[in-house]
Asks: 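Encoded as structure tokens, here's the structure I'll be asking about.
Order of the sequence lines sets the chain letters (A, B, ...), proteins ahead of strands, with each chain counted from 1.
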Protein chains: 8
Amino acid sequence: MRTENIEKLLLDVKENKVSVNEALSTLKQLPYQDLGFAKIDHHRELRQGYPEVIYCSGKTVEQVVDIVEVMFHKGSNILGTRATEEMYLAVKEKFPMAEYNKMARIITLLQKEIQVSDSYIVVATGGTSDIPIAEEAAMTAEILGNKVERVYDVGVAGIHRLFSKLDIIREAKVVIAVAGMEGALASVVGGLVDKPVIAVPTSIGYGANFGGLAALLSMLNSCSSGTAVVNIDNGFGAGYMASMINKL
Amino acid sequence: MRTENIEKLLLDVKENKVSVNEALSTLKQLPYQDLGFAKIDHHRELRQGYPEVIYCSGKTVEQVVDIVEVMFHKGSNILGTRATEEMYLAVKEKFPMAEYNKMARIITLLQKEIQVSDSYIVVATGGTSDIPIAEEAAMTAEILGNKVERVYDVGVAGIHRLFSKLDIIREAKVVIAVAGMEGALASVVGGLVDKPVIAVPTSIGYGANFGGLAALLSMLNSCSSGTAVVNIDNGFGAGYMASMINKL
Amino acid sequence: MRTENIEKLLLDVKENKVSVNEALSTLKQLPYQDLGFAKIDHHRELRQGYPEVIYCSGKTVEQVVDIVEVMFHKGSNILGTRATEEMYLAVKEKFPMAEYNKMARIITLLQKEIQVSDSYIVVATGGTSDIPIAEEAAMTAEILGNKVERVYDVGVAGIHRLFSKLDIIREAKVVIAVAGMEGALASVVGGLVDKPVIAVPTSIGYGANFGGLAALLSMLNSCSSGTAVVNIDNGFGAGYMASMINKL
Amino acid sequence: MRTENIEKLLLDVKENKVSVNEALSTLKQLPYQDLGFAKIDHHRELRQGYPEVIYCSGKTVEQVVDIVEVMFHKGSNILGTRATEEMYLAVKEKFPMAEYNKMARIITLLQKEIQVSDSYIVVATGGTSDIPIAEEAAMTAEILGNKVERVYDVGVAGIHRLFSKLDIIREAKVVIAVAGMEGALASVVGGLVDKPVIAVPTSIGYGANFGGLAALLSMLNSCSSGTAVVNIDNGFGAGYMASMINKL
Amino acid sequence: MRTENIEKLLLDVKENKVSVNEALSTLKQLPYQDLGFAKIDHHRELRQGYPEVIYCSGKTVEQVVDIVEVMFHKGSNILGTRATEEMYLAVKEKFPMAEYNKMARIITLLQKEIQVSDSYIVVATGGTSDIPIAEEAAMTAEILGNKVERVYDVGVAGIHRLFSKLDIIREAKVVIAVAGMEGALASVVGGLVDKPVIAVPTSIGYGANFGGLAALLSMLNSCSSGTAVVNIDNGFGAGYMASMINKL
Amino acid sequence: MRTENIEKLLLDVKENKVSVNEALSTLKQLPYQDLGFAKIDHHRELRQGYPEVIYCSGKTVEQVVDIVEVMFHKGSNILGTRATEEMYLAVKEKFPMAEYNKMARIITLLQKEIQVSDSYIVVATGGTSDIPIAEEAAMTAEILGNKVERVYDVGVAGIHRLFSKLDIIREAKVVIAVAGMEGALASVVGGLVDKPVIAVPTSIGYGANFGGLAALLSMLNSCSSGTAVVNIDNGFGAGYMASMINKL
Amino acid sequence: MRTENIEKLLLDVKENKVSVNEALSTLKQLPYQDLGFAKIDHHRELRQGYPEVIYCSGKTVEQVVDIVEVMFHKGSNILGTRATEEMYLAVKEKFPMAEYNKMARIITLLQKEIQVSDSYIVVATGGTSDIPIAEEAAMTAEILGNKVERVYDVGVAGIHRLFSKLDIIREAKVVIAVAGMEGALASVVGGLVDKPVIAVPTSIGYGANFGGLAALLSMLNSCSSGTAVVNIDNGFGAGYMASMINKL
Amino acid sequence: MRTENIEKLLLDVKENKVSVNEALSTLKQLPYQDLGFAKIDHHRELRQGYPEVIYCSGKTVEQVVDIVEVMFHKGSNILGTRATEEMYLAVKEKFPMAEYNKMARIITLLQKEIQVSDSYIVVATGGTSDIPIAEEAAMTAEILGNKVERVYDVGVAGIHRLFSKLDIIREAKVVIAVAGMEGALASVVGGLVDKPVIAVPTSIGYGANFGGLAALLSMLNSCSSGTAVVNIDNGFGAGYMASMINKL
């Protein structure tokens with residue numbers, strides 16, 4: 001709550017427009033809705049087309065449907081990440097226009113048109129196996145109203161593939177670099193472009209990859225300036241962060 | 001065994017009330033019951049309503065049933081943690097009043113009324129996905145005779161949700177903070193209340209969460225005083241510890 | 001800030017006892033003092049004799065002295081943990097009654113008499129080398145107004161040493177178990193007493209001890225109920241937590 | 001090298017303005033200067049006031065001075081990070097206007113006026129001990145031409161300190177959150193503001209902090225959207241990334 | 001090969017009892033049998049009743065059967081560890097007297113009577129869940145010709161259970177202590193008996209147990225002298241080592 | 001692209017054999033083929049019989065088939081590693097001469113005869129369970145045109161088995177040592193031969209093996225000179241590296 | 001305390017040879033001596049020549065001297081491990097016949113002749129740098145009354161050095177294998193001899209040795225049966241365990 | 001020992017040219033020299049100019065001098081790695097022609113001319129700080145008779161620096177890639193050249209570098225084929241391995 005709101009409220013109390021009890025209630029009434037097992041957060045100013053997000057993993061199918069229902073009735077666009085097909089089918093039964101991207105494990109339920117940015121975000125991957133995480137990032141950014149260019153399978157083992165796409169990468173406002181194995185893509189891209197790079201380590205690999213740890217450490221230790229890292233396989237987080245930057 | 005018991009025993013020997021062999025046998029006879037694969041511990045003074053606890057994980061269904069049987073015939077209330085549904089069904093066949101909470105994976109078999117404390121324990125969670133561990137803590141505390149208030153899904157990503165519940169949290173005698181991901185809930189609660197906080201890291205999360213390690217380290221390094229930590233996903237341990245404190 | 005304070009403030013505004021601007025200022029004015037590099041927190045209700053605590057590690061000597069000065073002028077008792085001898089000498093120059101416990105690395109500066117509890121806290125150690133951390137815990141508890149009983153060098157390698165002290169341990173209201181190496185003391189004590197045990201792993205040991213990790217993991221995995229753990233070498237945290245419990 | 005430059009070069013060859021050998025040489029001639037032990041990179045378009053950066057750690061004093069000398073004669077502003085006082089004194093001997101910030105371990109050598117941005121970056125810390133890393137971030141951002149607001153010692157143990165500064169934090173274009181111990185500051189700030197948050201874990205702490213690992217994992221697992229992380233203690237990287245975003 | 005064998009061989013060559021080629025062949029001919037995928041080792045002096053051991057894990061069913069067949073025709077007793085039921089059934093089809101202990105995952109195929117030692121080995125466990133590993137140790141020791149006493153479920157959470165068995169433990173020639181969770185059993189037993197203790201950490205536990213790491217580190221850091229450790233869940237290794245010691 | 005190619009291109013431009021646009025297009029046209037989800041790299045000079053390699057893990061069946069199809073039409077021999085049987089069956093449907101080695105998880109599709117080297121590579125394993133990884137290495141080397149000698153199950157537990165094969169190992173040009181558990185094979189072989197040793201740690205083992213970490217660290221710390229290590233279970237990488245060395 | 005002692009005591013009480021209070025006192029009086037900071041354990045039956053052991057690390061010089069003094073007056077031989085030269089000089093001042101082995105960091109103070117065993121222990125090392133830990137093991141075993149044969153610098157990089165010593169190793173009753181780096185010595189020795197092997201990983205090495213972790217994991221995963229492991233650099237523990245086995 | 005040598009020896013025994021005792025002695029006499037604390041290995045066929053190597057770390061100054069002396073009198077060239085300046089001065093006192101490279105920490109003592117190979121090894125580094133390890137590799141290769149080309153400070157943050165050196169790298173017979181931080185140099189070089197790449201992770205970096213772990217994991221997970229890895233900071237090992245390959 002902003003200072004000016006509190007000031008306004010106090011004036012209203014003083015001028016008897018608002019009773020003390022009402023004011024007290026307002027001060028305690030925070031913008032979320034309580035389902036018992038979940039407190040749905042309507043905190044951020046909800047601009048036209050801005051979606052509500054559900055992190056579906058670890059929730060039951062019933063919980064996901066209940067949360068979608070509450071959000072739907074507020075008229076929001078809805079983005080469900082890490083959703084299983086079973087969750088999607090249950091949502092679809094109630095809201096037939098819900099859609100599902102199996103690779104990205106994303107449920108979308110759109111009620112409003114999305115305004116798309118002029119500037120764009122590049123989502124690049126080191127290999128083919130990184131694409132599901134990249135799609136989670138790309139779809140998140142798109143539903144948040146960003147134009148996205150996909151540049152897939154341009155890892156450093158054949159660096160000429162990356163170079164042939166340099167023009168499109170350099171014109172982006174922000175770049176998401178998604179890579180598993182040794183995660184060198186982030187460093188190489190970071191050394192070639194003058195834009196913020198969001199690095200997403202993936203758990204793709206085996207052996208001493210240790211579930212993405214190798215790529216994570218590699219990206220955190222990048223010798224290229226202008227790179228920051230999100231959690232392993234966190235496509236959503238990268239898409240959200242890139243959207244914030246792209247819309248500044 | 002207390003000093004006074006030994007003193008009493010020695011006096012009885014001296015006064016010929018007890019033979020040397022009987023005394024020797026008493027000194028060696030400790031309060032447990034040997035099933036071969038398990039030695040059931042009746043060591044603690046068993047107050048009215050105080051349950052016996054079985055950690056079911058890693059035991060066979062038959063072993064669980066056998067242990068329940070022994071405990072039942074001592075007239076105790078019984079709490080089985082980490083129990084599978086299969087274990088429950090086998091127990092229920094012999095003891096039809098056994099109950100099962102699937103989410104908390106807890107079997108209860110109550111023969112005596114539980115006396116409930118006046119002061120209460122708050123069990124708070126960061127997210128919806130932490131609820132199963134929170135329920136293990138809450139049910140453990142309840143069967144141990146404590147009043148419990150649940151405050152779920154109040155993680156720091158939308159900190160106003162936590163603040164709207166501050167009154168109820170601050171009136172508790174002890175708080176259990178259950179959180180996965182970065183586990184910041186424990187620090188924030190610890191900074192807001194003047195009561196002991198038992199922090200329970202959960203394995204909820206992915207990537208660099210490493211099975212709850214992130215939340216565990218976060219909670220151990222909490223900058224808030226008055227916080228101590230139990231093992232990852234150890235709802236039972238938190239409920240037991242909180243009960244001990246609440247009943248002091 | 002409590003609900004009743006906000007209610008009172010609103011009533012005062014309504015009744016023109018307080019102007020809107022004053023009320024606004026009060027709502028924003030939080031109980032800390034800003035030194036630029038540090039914001040000294042006077043948030044907790046400061047009871048008679050309750051000290052203010054400075055975590056000295058990572059601060060410059062000048063910063064420590066400045067913070068002591070501010071706290072001193074509020075009339076508080078002061079506890080500085082992880083303090084170097086150099087810090088102490090600089091504090092002592094300004095406040096000659098400051099005292100220093102070199103082993104516990106604690107500066108104390110007492111202006112008010114401390115009220116001591118009737119019930120007591122036991123601080124136990126596995127070995128002689130754990131004593132500095134145990135002293136940090138014990139002195140913290142003492143300056144917070146608790147009676148403390150020290151039971152040192154009772155590790156499980158010679159478990160009869162522990163048993164000979166069982167009476168004194170069992171009469172405590174809460175037990176702090178400080179141990180390095182394999183940290184088994186916490187489990188054994190936890191299995192022998194019916195009181196909350198705060199386990200403090202220490203970095204004492206070598207090789208696969210990995211700076212206290214062995215004891216930390218051991219304590220977190222304790223098979224004894226009623227045990228919770230603080231950070232490695234965190235004597236202060238254990239003392240503070242035990243004090244909270246002892247004073248319930 | 002951009003496509004248009006290659007096109008231009010080819011045209012020049014065709015029109016005999018440039019010989020084949022010259023063109024070949026140009027294509028191989030890349031914008032760096034070779035000192036043998038170091039290849040100074042003049043790759044990025046060097047705008048007015050934009051500095052050259054030397055990562056001094058691991059270099060000898062002589063190497064640092066040699067690199068400064070080459071950069072100086074190109075007329076650049078120079079920023080030397082992780083510099084020892086000995087390095088500074090050696091640089092100062094040749095370039096008396098060089099300055100040194102001991103806390104941030106930064107050498108600066110300014111030859112051109114810096115243009116400062118209108119929008120600003122907030123650099124926040126959890127504690128006093130995190131200030132050296134925060135200063136590295138703040139000074140890096142400043143020499144890169146950004147306005148910086150410092151908000152220090154606002155960690156979650158006393159969260160009201162953070163709230164009193166929320167207005168200034170919310171008006172920033174990008175926020176750098178610097179914290180050690182459990183690193184919860186990043187999550188809490190990320191949950192309170194609608195701006196990109198660059199999280200910097202510090203190695204401040206002890207025990208199970210494991211040199212900043214606790215804060216690092218905590219920040220990577222943040223449940224707040226819009227947060228990305230740089231390496232432990234990497235103030236420079238955070239300042240550089242924030243500058244890139246602030247100047248978009 | 002022993003020195004005396006080489007000497008004998010050289011003498012035989014000298015005295016023309018053995019040709020140079022035969023001697024060369026003998027020197028190269030080592031006591032194993034080559035199946036292509038496996039080289040069965042008959043290296044150790046095979047005393048009456050001493051079994052051949054197959055580590056079945058990672059081998060195909062066919063490979064296990066083939067190896068059993070070769071060993072069987074040498075007249076040996078056979079011990080197959082980490083065997084699946086499927087492996088057992090395939091072995092049983094060819095060798096109907098083969099037996100299987102499902103809990104210990106051991107196949108035995110005995111053709112000779114086993115001579116049993118007078119002195120005995122104690123196999124103790126912390127809990128019921130550690131019994132499968134303990135049985136692997138006990139059965140290994142038994143088939144190697146040792147008398148074994150089992151003392152199960154005597155963990156430190158109820159240390160009186162251990163004390164009631166102290167007499168039998170102290171009379172053993174060597175003790176195997178099998179425990180998961182915090183593995184304190186090894187230290188406590190090591191502190192109570194004057195015999196070599198072989199500690200076996202098990203992967204029993206959850207959360208910060210990390211697959212037996214907690215118990216492993218705990219046992220390696222045991223403050224009790226006279227303890228050595230084998231790999232996590234390595235019941236066979238403990239049984240073999242204990243047998244070696246018991247038979248000295 | 002080599003210097004001489006650029007020189008030739010520039011000359012062609014100068015002599016009007018090639019237009020500026022064509023030259024520009026050539027400079028940008030890099031030797032790969034873009035399938036959208038994958039960019040197939042034809043970068044290396046493709047000698048007679050040299051195969052194209054597909055790392056199948058993490059790709060869908062459809063993607064694998066599509067990539068095989070593109071490669072096939074270039075007339076290459078094809079090697080698919082980490083392939084499932086399902087992938088093989090889908091490939092076989094289109095290309096009936098495709099073959100599958102289930103143990104090595106390798107699909108081969110040969111269109112040209114392979115020229116085999118005179119010198120050979122030894123692939124040795126510590127145990128029977130390491131054979132699948134060894135076969136991946138051996139088959140990779142073979143399809144790359146190398147003669148391979150397999151020496152399996154010669155681990156250090158029965159070192160005479162290794163010694164009986166020393167002659168064949170010492171005549172190799174390069175040795176691949178594949179071992180799990182403690183991975184000592186690499187050190188012992190490295191100490192016995194004067195040839196480069198490529199060490200492949202495998203994830204075979206249990207407990208404190210931690211998925212191959214024990215063997216990996218052991219091999220990296222080998223006290224024998226002339227040893228280098230590839231990733232855990234990376235048979236392909238070892239076969240490829242050995243082929244490069246064998247063909248020098 | 002043995003059962004027969006308790007029986008005897010009870011009989012004495014019954015026959016009025018001992019008063020109840022005396023018996024109670026005896027039952028509580030355990031065989032250690034309390035110095036406040038240390039409880040010296042005289043628990044084990046002290047045979048002729050058996051030493052008392054002080055682990056000096058982490059104790060102050062004064063504490064070491066005080067403990068030596070108490071032990072000395074009981075007439076024991078004394079062994080101080082991990083002792084600094086400063087500790088030695090302080091001990092020597094009071095007890096001039098104290099001796100110090102700087103390499104092994106051991107203080108000895110002998111008052112009784114040591115009886116030496118007929119059978120012997122071999123202490124072998126992989127390299128020269130492992131000798132300090134090996135000497136700690138060897139001297140510990142010697143003062144405990146064992147004959148010791150040293151076989152140093154026989155690591156697997158030049159395995160013929162080990163083979164030339166095989167006769168002496170094979171005649172030992174128990175072998176201590178001390179090695180850093182990859183620790184393969186233990187596996188190779190374990191595969192060559194039919195005796196219990198105590199493996200001691202050392203912290204010798206660098207890089208991915210991680211303070212002895214590589215050797216530790218290697219030894220725990222040894223594929224040779226009959227090997228058990230003590231803590232990194234724990235020469236004392238190995239010497240003590242080997243002595244226990246040698247004296248069976 | 002080769003088969004033909006054993007055959008010859010047996011023939012000599014048969015023909016009475018060699019007595020049985022002499023033959024036995026020969027079979028046991030292995031080519032090393034025993035200094036007690038070290039067994040100097042003269043096992044490898046010592047070609048003209050091939051040096052003997054001493055790993056100085058962990059040895060005393062006296063031990064190093066003694067070993068140099070023995071080697072010197074065999075007429076060998078000597079290479080001492082990880083040598084301190086103090087060791088060098090002690091060696092120089094006895095052997096004035098000894099030389100020392102402080103950066104590479106290498107003592108050399110040359111008595112014979114070194115034959116240099118025609119083909120060459122490239123030693124490349126990511127940064128200036130990696131040069132000491134690179135020099136250890138380069139000097140090792142040079143004293144082993146290899147031509148070496150140094151290409152320093154060509155890390156991926158400014159990848160054009162690497163490209164300008166591609167010609168010299170591609171003409172090498174084997175490449176050593178030395179890099180700290182994220183170690184991406186190895187992958188990028190591996191993707192650009194058709195030669196074996198020996199990757200050397202260095203401990204250069206900070207924070208989540210964890211002493212070189214980040215670079216190590218990155219290199220082990222390299223997506224480029226034809227790369228193998230040595231231990232962190234193991235310049236010697238890389239130089240030795242590269243020499244082996246270069247001389248094939």
Side-chain angles (χ1 to χ4, degrees), chain G residues 101-105 123-135 138 148-170 178-185 201-215 217-218 232-233 235, chain H residues 1 24-44 52-64 66-67 81-82 105 133 136 180 200-204 209-217 219-220 229-238 240:
Chain G
N101 182 313
K102 191 176 172 178
M103 179 168 267
R105 289 177 295 169
V123 180
T125 75
T128 300
S129 312
D130 303 313
I131 293 180
I133 301 304
E135 278 300 310
V148 173
E149 294 286 342
R150 288 155 171 87
V151 182
Y152 288 168
D153 196 27
V154 292
V156 301
I159 209 166
H160 54 290
R161 299 176 304 182
L162 174 63
F163 286 175
S164 74
K165 298 289 184 187
L166 260 188
D167 286 357
I168 203 170
I169 297 174
R170 280 183 166 147
V178 184
M181 306 189 85
E182 92 280 55
L185 181 68
T202 72
S203 54
I204 296 302
Y206 57 92
N209 178 286
F210 297 123
L213 180 65
L217 292 183
S218 178
I232 297 165
D233 290 338
Chain H
M1 292 195 70
L24 185 57
S25 164
T26 298
L27 279 170
K28 290 181 63 177
Q29 187 185 44
L30 288 143
Y32 68 83
Q33 197 157 347
D34 197 338
L35 304 190
F37 60 86
K39 294 186 176 44
I40 301 171
D41 192 351
H42 309 313
H43 177 250
R44 298 177 186 278
E52 303 245 6
V53 182
I54 312 166
Y55 176 70
C56 299
S57 175
K59 297 194 173 68
T60 65
V61 172
E62 293 69 33
Q63 288 173 338
V64 170
D66 287 356
I67 296 174
T81 64
R82 307 265 161 152
R105 290 176 297 168
I133 302 303
E136 188 184 287
V200 190
T202 72
S203 53
I204 297 302
N209 177 288
F210 297 124
L213 181 64
L216 172 64
L217 292 183
M219 287 169 167
L220 284 168
V229 186
V230 296
N231 197 0
I232 297 165
D233 289 340
N234 189 3
F236 167 74
Y240 195 100

Asks: Do the side chains of H:Tyr55 and G:Thr128 get nearer than 4.5 Å, heavy atoms only?
Replies: no

Asks: Just to verify, what does G:Ile204 make a side chain to side chain contact (heavy atoms under 4.5 Å, CB included) with, not counting sequence neighbours?
Replies: G:Ser129, G:Asp130, G:Thr202

Asks: Under the side chain to side chain contact (heavy atoms under 4.5 Å, CB included) test, which residues partner G:Glu149, sequence neighbours left out?
Replies: G:Tyr120, G:Val122, G:Lys147, G:Ile168

Asks: Just how far is it from atom CE of G:Met181 to atom CG of H:Asn231, taken to the nearest 0.5 Å?
Replies: 7.5 Å

Asks: When rounded to the nearest 0.5 angstrom, what is the spacing between CG in G:Asp153 and CD in H:Gln63?
Replies: 9.5 Å

Asks: Identify which of G:Phe210, G:Tyr206, G:Tyr152 forms the greatest number of heavy-atom pairs closer than 4.5 Å to chain H.
Replies: G:Tyr206

Asks: Identify the heavy atoms of H:Ile232 and G:Gly207 that sit nearest to each other, and give their distance.
Replies: CB-CA, 3.5 Å

Asks: Can you tell me how far apart OG1 (H:Thr60) and CD1 (G:Ile131) are? Round to the nearest 0.5 Å.
Replies: 9.0 Å

Asks: Where does H:Ser203 contact chain G at under 4.5 Å (heavy atoms): side chain, backbone, both or neither?
Replies: neither

